[in-house]
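The structure appears below as structure tokens.
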Amino acid sequence: MVRTIPSHASLFTGLGIEVHGTGLAGQSSLPERFVTLAERLSAAGYETAAFTENMIVSDAFQLLQGFSHRRSTALKRMEQDAPIDHIEVIDLGVQIRRWLGNRDTRKPFFAFVNIFEAHSPY
């Protein structure tokens with residue numbers, strides 16, 4: 001968690017941690033005053049979507065600012081106190097395919113996908 005919040009805040013804003021401060025001195029959420037890539041792309045006419053299994057990369061920490069479509073299996077899992085399993089990756093894939101199939105293909109899109117399984121061996 002220590003590295004995930006600031007690194008994703010930097011990824012989405014293009015700013016260093018010394019500028020956005022997310023993850024430092026008790027600031028765990030990305031302040032709304034910082035404009036994210038998703039916000040910029042939305043303003044430019046892109047459809048934006050975020051699909052994540054990682055609770056840290058979610059609305060809980062304001063990291064999904066600007067994404068018009070959000071799916072987070074992590075928050076549901078946390079509410080149910082359930083472990084991570086392989087079914088969620090399959091479910092996330094179904095959700096992504098559904099979104100891609102229903103989106104306006106005349107518009108460009110930006111989709112962010114964050115799966116948690118990469119952490120499993122560690």
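From a predicted model like this one, the values you see are computed outputs, not experimental measurements.
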Inset, instruction - Taking the side chain as every heavy atom from C-beta outward, state whether T105 and R103 have any pair of such atoms under 4.5 Å apart. - result: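 The answer is yes; the side chains approach within 4.5 Å.
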task: Check the hydrophobic clustering (I, L, V, M, F, W, Y; side-chain heavy atoms under 4.5 Å; chains of links allowed) and say if F12 and V35 are grouped together.
output: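 In one cluster with F12: V35, no.
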inquiry  = Would a single hydrophobic cluster contain both V19 and L24, if residues Ile, Leu, Val, Met, Phe, Trp and Tyr are joined by side-chain heavy-atom contacts under 4.5 Å?
reply    =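 In one cluster with L24: V19, no.
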Interatomic spacing from [atom1] in [X] to [atom2] in [Y] - rounded to 0.5 Å:
X: E39; Y: T13; atom1: CD; atom2: OG1; answer: 10.5 Å
X: Q95; Y: R71; atom1: CD; atom2: CZ; answer: 5.5 Å
X: I5; Y: I17; atom1: CD1; atom2: CD1; answer: 10.0 Å

Inset, instruction - List the steps and the verdict of side chain to side chain contact (heavy atoms under 4.5 Å, CB included) for H8 and N54. - result: CA-CA 12 Å; H8 279 78; N54 191 338; 5.7 Å; no
Closest heavy-atom pair and its distance - [X], [Y]:
X: P31; Y: T22; answer: CD-OG1, 3.6 Å
X: Q65; Y: T36; answer: O-OG1, 2.8 Å
X: I56; Y: L63; answer: O-CD1, 3.3 Å
X: H20; Y: F34; answer: CA-CZ, 3.5 Å
X: S29; Y: Q62; answer: CB-CG, 3.8 Å
X: I115; Y: L92; answer: CG2-CD2, 3.8 Å

- Message: Would R97 and L100 count as a side chain to side chain contact (heavy atoms under 4.5 Å, CB included) here? Give the steps.
- Response: CA-CA 5 Å; R97 283 191 195 102; L100 287 169; 5.5 Å; no
| said: Heavy-atom count check: over 12 atoms from other residues, nucleotides or ligands less than 6.0 Å from Y46 OH? | reply: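 Counting neighbours around OH of Y46, 12 or fewer heavy atoms of other residues, nucleotides or ligands fall under 6.0 Å, so no.
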If you draw a 6.0 Å radius around CZ in R40, do more than 12 non-hydrogen atoms from other residues or ligands fall strictly inside?
->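 Incorrect, the count does not exceed 12.
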TODO: For the pair S68 (side chain) and S42 (backbone), establish whether a donor and an acceptor sit closer than 3.5 Å, ignoring hydrogens and angles.
DONE: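 No.
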- Query: Between the main-chain N or O of L64 and the side-chain N or O of R70, is there a donor-acceptor pair closer than 3.5 Å?
  - Reply: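 Indeed, once roles are kept as given, a pair shorter than 3.5 Å links the two residues.
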Original post:
Angle class for the F112/F67 ring planes (parallel below 30°, perpendicular above 60°, tilted otherwise)?
Top reply: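 Correct class here is tilted.
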* Evaluate the side chain to side chain donor-acceptor pair (under 3.5 Å) criterion for residues S58 and T52: first the C-alpha distance (whole Å), next the side-chain angles of each, then the deciding distance (0.1 Å), finally the verdict. => CA-CA 7 Å; S58 70; T52 178; over 6 Å; no
